[in-house]
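Data first, discussion second: the structure below is written as structure tokens.
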Amino acid sequence: MIQIDQAQNITFYGVTLRNAPNFHVGMNRVGGATFWGLTIGAPAEARNTDGIDPGAGP
């Protein structure tokens, strides 16, 4: 649903993500990420319900 690549010091605040087809948030080469007040929802029968995939570091 959201892919973040090569970023620094990102913040997600008060966000609701629902029914992503794969990861809800994917990150690669991100240095510093804050998730605050994040709600992730997926149906129980979904094949992949990963919320946040930190991927590779900076």
Side-chain angles (χ1 to χ4, degrees):
M1 185 173 279
I2 297 173
Q3 179 65 40
I4 304 163
D5 294 319
Q6 299 181 1
Q8 296 291 320
N9 302 318
I10 62 165
T11 300
F12 280 79
Y13 171 70
V15 177
T16 298
L17 304 173
R18 291 194 184 123
N19 302 329
N22 199 346
F23 297 116
H24 285 78
V25 178
M27 298 183 293
N28 284 303
R29 300 186 188 279
V30 173
T34 301
F35 295 88
W36 179 26
L38 182 68
T39 301
I40 295 175
E45 66 276 0
R47 292 187 336 204
N48 187 344
T49 57
D50 291 351
I52 301 170
D53 179 23

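Residues satisfying the side-chain contact (heavy atoms from CB on, under 4.5 Å) test with Asn19, not counting sequence neighbours, are Pro43.
A 4.5 Å side-chain heavy-atom check between Gln3 and Asn28 finds at least one atom pair inside the cut-off. When side chains are defined from C-beta on, Met27 counts as touching Ile10, because their heavy atoms get closer than 4.5 Å.
To the nearest 0.5 Å, the span separating CD1 on Ile40 from OG1 on Thr16 amounts to 9.5 Å.
Using bins of under 30°, 30° to 60° and over 60° for the plane-to-plane angle, the ring pair Phe12/Phe35 lands in the parallel bin.
Nearest heavy-atom pair across Ala42 and His24 is CB-CE1, 4.1 Å. The two atoms that bring Arg18 and Met1 nearest to each other are O-CE, 3.2 Å, heavy atoms only.
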